[in-house]
Protein chains: 2
Amino acid sequence: MTPENPRERLLEAAGEIFAEKGFKGATVREIIDRAGVNIAAVNYYFRDKERLYIEAVKHAACGEPEEPHLSWPEGTPPAGKLRDIIRFQLLKFLDPSRPAWLARLIMRELTQPSDACAELVREYIEPRSKVLLGVLRELLPPNTPRRKLFLTAFSIVGQCHFYCSHKPIIRLLIGEDEYQRLDPATLAEHITQFTLRALGVEKN
Amino acid sequence: MTPENPRERLLEAAGEIFAEKGFKGATVREIIDRAGVNIAAVNYYFRDKERLYIEAVKHAACGEPEEPHLSWPEGTPPAGKLRDIIRFQLLKFLDPSRPAWLARLIMRELTQPSDACAELVREYIEPRSKVLLGVLRELLPPNTPRRKLFLTAFSIVGQCHFYCSHKPIIRLLIGEDEYQRLDPATLAEHITQFTLRALGVEKN
DNA sequence: AATCATATCAAACAAGTGTTTGAAAATCAA
DNA sequence: TTGATTTTCAAACACTTGTTTGATATGATT
C-alpha cells in the first residue's frame with residue numbers, strides 16, 4: 001500500500017499533515033514520524049520544509065484522477081457536459097472512497113495561496129477553467145462578453161467549492177445526521193438544475 | 001484613530017495579523033509590535049495567544065456593520081429582500097472602503113474553524129442563516145422540503161463567498177486589470193439575476 | 001503621606017522549531 | 001574484494017516560539 005520509496009512516503013505524509021494543519025502548523029518531525037523516515041531525509045530529498053510543501057501540493061494535484069470528460073463524443077449536448085463537470089467536481093470533494101486530504105490540500109492552496117500556487121494555477125486550474133468556459137460558450141448566446149462568461153463560471157464553481165471549503169460550517173448548520181445524507185450525486189443534480197435554469201437552458 | 005486602550009489596540013492588531021497569517025503563522029511579538037504595547041500585555045489582558053485569537057475573532061464579528069435589512073417594510077417583495085441580502089454580503093467582502101482583514105478573519109474561521117467557531121456560528125452565522133431561509137420560504141412554493149431550502153441557500157452563499165475565499169485565484173485567472181473592474185454592485189446584480197432565474201422567479 | 005491595587009516593562013525561561021553535521025550503513029561498479 | 005557513491009541515522013545546532021517573572025511605575029483611596 002504505502003510506497004517503499006522514502007521520497008514518496010514523505011510526499012504522502014506531508015500531504016496529509018499539511019492539508020490538516022497548514023504549512024506553519026505542520027512540523028517536519030510529525031511528518032517524518034508518519035512517513036517513518038529519518039528527519040534528515042527532508043533535507044536530503046527536498047531542500048527544506050518549503051520545498052517539501054510545494055512538491056507535496058504538486059504531488060496531490062497530479063494524484064487527482066484524470067477528468068473523464070476532457071473529450072466528449074462529438075455532438076454531446078452542452079448541458080450534459082456541464083452536468084459532467086459539476087458532478088466530477090463534487091465527487092472530488094465529497095467522494096468518501098478517496099482520501100479527503102487531497103482536495104483539502106488543494107483547497108487550502110486556493111484560498112491562501114503560497115509559492116506553490118502559481119504552478120498549481122498553470123498546471124491544474126487553467127486547463128479545467130478553459131474546459132468549463134468552452135462549455136459555457138456553447139450554452140450561452142454567441143458574442144456573450146468574456147466577463148459574463150467568467151461571472152457564470154464563478155457562480156458554478158462557487159456553488160461546488162462551497163461544499164469543500166465550508167464543510168465544517170455546513171455540518172454545524174444542518175446537523176451531523178442531515179450532513180451524512182448529502183451524497184455527491186444529489187448535490188450535483190441540484191447544482192446542475194439550478195445552473196441550467198439560471199442560464200435559461202431547458203432540461204435535457 | 002487608533003484606540004488608546006491597550007486592550008483594544010491588541011485586538012485590532014491581532015485581528016489584522018491573524019487574518020493575514022492565521023493562528024500559527026502569526027507571532028505574538030509581531031502583534032504587540034504593531035499594537036505598540038509590551039509583550040506581557042498579552043498575558044495580562046488575555047490569558048494567552050489562543051484567548052487573544054478568540055477575542056479578536058469575536059471583536060471582528062461585532063465590528064461588522066449591522067445588517068440594514070433585518071426588518072423590511074411590510075409587503076416588500078421577497079425578490080427584493082434577496083437582492084438586499086446578496087448585495088450586502090458582497091459589500092462586506094469587496095467594499096474597498098472597509099478594512100479587508102475583517103472579512104478575511106471571519107472567512108478564515110469559516111473555512112478552518114478553531115475553538116472560536118462555535119460561538120461565531122451561534123452569534124453570527126445562525127441569525128443571518130435564518131433570515132435567508134425565511135426569504136427563500138417566501139420565494140419557493142409552500143411545503144418546499146427543508147433540505148431543498150438549505151441547498152438553495154448554499155448555492156446563493158456559495159456564489160457570494162467565492163469572491164472572498166478565492167480572491168487570489170480570481171485575480172490570477174482574469175488578470176489584475178479585469179479584477180479591478182469587478183465592483184460589488186455589478187457582482188451582486190449578476191448573482192441576484194442568476195439566482196432568481198434559477199428559482200423561476202420573474203424579474204421584479 | 002502612606003497604602004494598596006492596577007498597569008507596564010525589560011529580561012529571562014523552557015520548549016519546540018527547521019536545519020546541519022559527520023559518521024555509519026547500504027548499494028553498486030570495477 | 002575493493003573502492004566509490006548513495007542513503008540513513010542520531011545528535012547537536014542556532015534560532016524562534018509562547019509564556020513567566022520580578023521589579024518598577026502609576027493612580028486612586030484612606
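Below, chains carry the letters A, B, ... as their sequence lines are ordered, and counting in each starts from 1. What's counted below: heavy atoms across the whole structure, side chains too, no hydrogens, waters or symmetry copies. Quick caveat, the model's predicted, so the values are computed rather than measured.
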**Request:** Specify the separation, in whole Å, of atom OH of B:Y44 and atom C1' of C:dA10.
**Result:**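 Rounding to the nearest Å, OH of B:Y44 and C1' of C:dA10 are 17 Å apart.
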
**Asked** Taking CZ from A:F46 and P from D:dT8, how many angstroms apart are they, rounded to a whole number?
**Response**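 Roughly 12 Å, once rounded to whole Å.
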
**Asked** For residues 6-20 of chain B, which residues have at least one heavy atom under 4.0 Å from DNA chain D?
**Response**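 Close to the strand, none.
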
Is it true that a side-chain atom of [X] and a backbone atom of [Y] form a donor plus acceptor pair closer than 3.5 Å?
| X | Y | result |
| --- | --- | --- |
| A:R128 | A:Y124 | yes |
| A:H190 | B:L151 | yes |
| B:Q159 | B:S155 | yes |
| B:D177 | B:Q180 | no |

Distances for protein N/O vs nucleotides 16-20 of chain C N/O pairs under 3.5 angstrom?
residue, atom, partner, partner atom, Å
C:dG18, OP1, A:A26, O, 3.4
C:dG18, OP1, A:V28, N, 3.4
C:dG18, OP1, A:K49, NZ, 2.9
C:dG18, OP2, A:V28, N, 3.2
C:dG18, N7, A:R29, NH1, 2.9
C:dG18, O6, A:R29, NH2, 3.1
C:dT19, OP2, A:K49, N, 2.8
C:dT20, OP2, A:N43, ND2, 2.9

**is_close_aromatic(B:Y53, B:F23), centroid dist under 6.0 Å** =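 So the answer is yes for these two rings.
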
**Prompt:** Step by step, would you call A:W101 with A:E12 a side chain to side chain contact (heavy atoms under 4.5 Å, CB included)?
**Reply:** CA-CA 10 Å; A:W101 63 267; A:E12 294 265 334; 4.1 Å; yes

**Message:** If you count every heavy atom of other residues, nucleotides or ligands that lies below 6.0 Å from A:R171 atom CZ, does the total exceed 12?
**Reply:**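 Yes, CZ of A:R171 has more than 12 neighbouring heavy atoms, counting only those of other groups under 6.0 Å.
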
**Prompt:** Hey, does the side chain of A:Y45 come within less than 4.0 Å of D:dT8's phosphate (OP1/OP2), counting only N and O?
**Reply:**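 Yes, because at least one side-chain N or O of A:Y45 sits under 4.0 Å from OP1 or OP2 of D:dT8.
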
**Prompt:** What closest approach, in Å, do A:L91 and A:R98 show between heavy atoms, and which atom pair accounts for it?
**Reply:**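 In terms of heavy atoms, the two residues are closest at O-CD, 3.9 Å.
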
